[in-house]
Amino acid sequence: VQLQAFGGGLVQAGDSPRLSCAASGRPFESYTMAWFRQAPGKEREFVATISGSGQATDYLYSVKFRFTISRDNAKNTVYLQMNSLRPEDTAVYYCAAKSGPVLSPSLRRRISRDTYYYWGQGTKFTVSS
C-alpha cells in the first residue's frame, strides 16, 4: 500500500486542523492505520491507531482527549482531527499501515514503529504560540 499525507503547515495554538492520509493498493479496510509524529531532536512516537473497521482506536495519552483518528474506507483515507493544539504538538506527522484489520492486542506492539510496515512521506506541522 502507498500512503500520502496532507494537511501540514503553520497553525496557531488552539486551532483545530485535520490531517488526511490517502492510501492506494489492497482493500483499505484490510489495514490497521496509525499516525506517528517526530518532533525536532526527538524519536518518532506513536500518536493514534485505528482498526480496519474503524471501531477500535487507541491514542497516545497526551493527545487522547484532543485528537481523534477516523477513517473513511470508501475514500481510502484516514484522518487525524487535532483540537486544542499546543506548541509541543509541532512535529512531522507520518501515517502508517500494517496488514490486518485488527489492532495488536499488545499495547507495546500497537505503539511500536516496527509494527507498521508501510509509511507515508510525512507532513510537517508547526504550532505557534
Side-chain angles (χ1 to χ4, degrees):
V1 64
Q2 293 182 324
L3 305 173
Q4 186 170 8
F6 302 91
L10 176 64
V11 298
Q12 299 287 326
D15 281 355
S16 300
R18 185 176 74 167
L19 297 180
S20 303
C21 176
S24 61
R26 283 171 48 193
F28 184 57
E29 57 268 26
S30 69
Y31 292 96
T32 292
M33 301 299 296
W35 288 96
F36 282 72
R37 68 185 181 185
Q38 187 165 15
K42 294 187 176 181
E43 295 286 322
R44 191 174 301 186
E45 68 174 356
F46 166 83
V47 175
T49 186
I50 187 167
S51 64
S53 67
Q55 292 184 341
T57 58
D58 200 3
Y59 295 90
L60 174 70
Y61 182 78
S62 65
V63 309
K64 186 173 183 178
F65 302 106
R66 299 187 296 122
F67 293 6
T68 301
I69 188 171
S70 62
R71 64 191 296 160
D72 185 338
N73 287 342
K75 295 182 178 180
N76 286 8
T77 302
V78 62
Y79 304 98
L80 185 68
Q81 177 66 51
M82 301 184 285
N83 298 321
S84 303
L85 281 175
R86 305 166 181 168
E88 55 263 38
D89 294 317
T90 293
V92 177
Y93 284 73
Y94 298 88
C95 60
K98 76 168 186 74
S99 295
V102 179
L103 298 189
S104 299
S106 161
L107 172 62
R108 183 183 63 81
R109 287 191 57 80
R110 284 201 301 274
I111 68 174
S112 171
R113 292 179 297 175
D114 294 338
T115 297
Y116 302 90
Y117 185 78
Y118 306 98
W119 290 85
Q121 84 286 3
T123 183
K124 187 175 181 180
F125 214 82
T126 302
V127 183
S128 63
S129 56

Looking only at heavy atoms, the pair that brings W119 and Y117 closest together is CD1-O, 3.7 Å

Taken to the nearest 0.5 Å, the spacing of K124 NZ from L10 CG works out to 10.0 Å

Which distance, rounded to the nearest 0.5 Å, do you find between the CG of L3 and the OG of S24?
-> 7.5 Å

Apply the side chain to side chain contact (heavy atoms under 4.5 Å, CB included) test between C21 and each candidate in F6, Y94, Y79, W35; give the one that qualifies.
-> W35

Heavy-atom closest pair (S20 atom, T77 atom, distance to 0.1 Å) is CB-CG2, 4.2 Å

Start with the C-alpha gap between F36 and I111, add the side-chain angles, then the distance that decides, and say whether side chain to side chain contact (heavy atoms under 4.5 Å, CB included) holds.
-> CA-CA 9 Å; F36 282 72; I111 68 174; 5.9 Å; no

Going from CE on M33 to CG on N76, what distance comes out if it is rounded to the nearest 0.5 angstrom?
-> 9.5 Å

Any donor-acceptor pair under 3.5 Å from S128 side chain to V11 backbone = yes

If only atom types and distance count, is the side chain of R86 paired as donor or acceptor with the main-chain N or O of V127 below 3.5 Å?
-> no

Approximate separation, where rounding is to 0.5 Å, of F125 CZ and L85 CG = 5.5 Å

Distance from L80 atom CG to T68 atom OG1, nearest 0.5 Å?
-> 8.0 Å

Name of the residue among E88, E45, E43 meeting salt bridge (charged side-chain N to carboxylate O under 4.0 Å, His left out) with R37 | E45

Rounded to the nearest 0.5 Å, how far does CE of M82 lie from CZ of R66?
-> 9.5 Å

What is the minimum heavy-atom distance between S104 and R109, and which atoms define it?
-> CB-CB, 3.9 Å

Closest non-hydrogen atom pair, A13 against S129 | CB-CA, 4.2 Å

Does a side-chain heavy-atom distance below 4.5 Å link Q81 with S16?
-> yes

Short side-chain to backbone donor-acceptor contact, N73 and S53, under 3.5 Å = no

Heavy atoms of S51 and T32 approach each other most closely as CA-OG1, 4.3 Å

Provide the closest heavy-atom pair for V47 versus F67 in the form atom of the first, atom of the second, distance.
-> CG1-CD2, 3.9 Å

Within a strict 4.5 Å, meaning less than it, do heavy atoms of the Y118 and Y31 side chains meet?
-> yes

For residues 56-65, tabulate all N or O donor-acceptor pairs below 3.5 Å that involve a side-chain atom, not counting sequence neighbours.
unit_1, atom_1, unit_2, atom_2, d
D58, OD2, R110, NE, 2.8
D58, OD2, R110, NH2, 3.0
Y59, OH, I69, N, 2.9

Those residues at least two apart in sequence (or on a different chain) that pass side chain to side chain contact (heavy atoms under 4.5 Å, CB included) with T123 are A5, L19, Y93

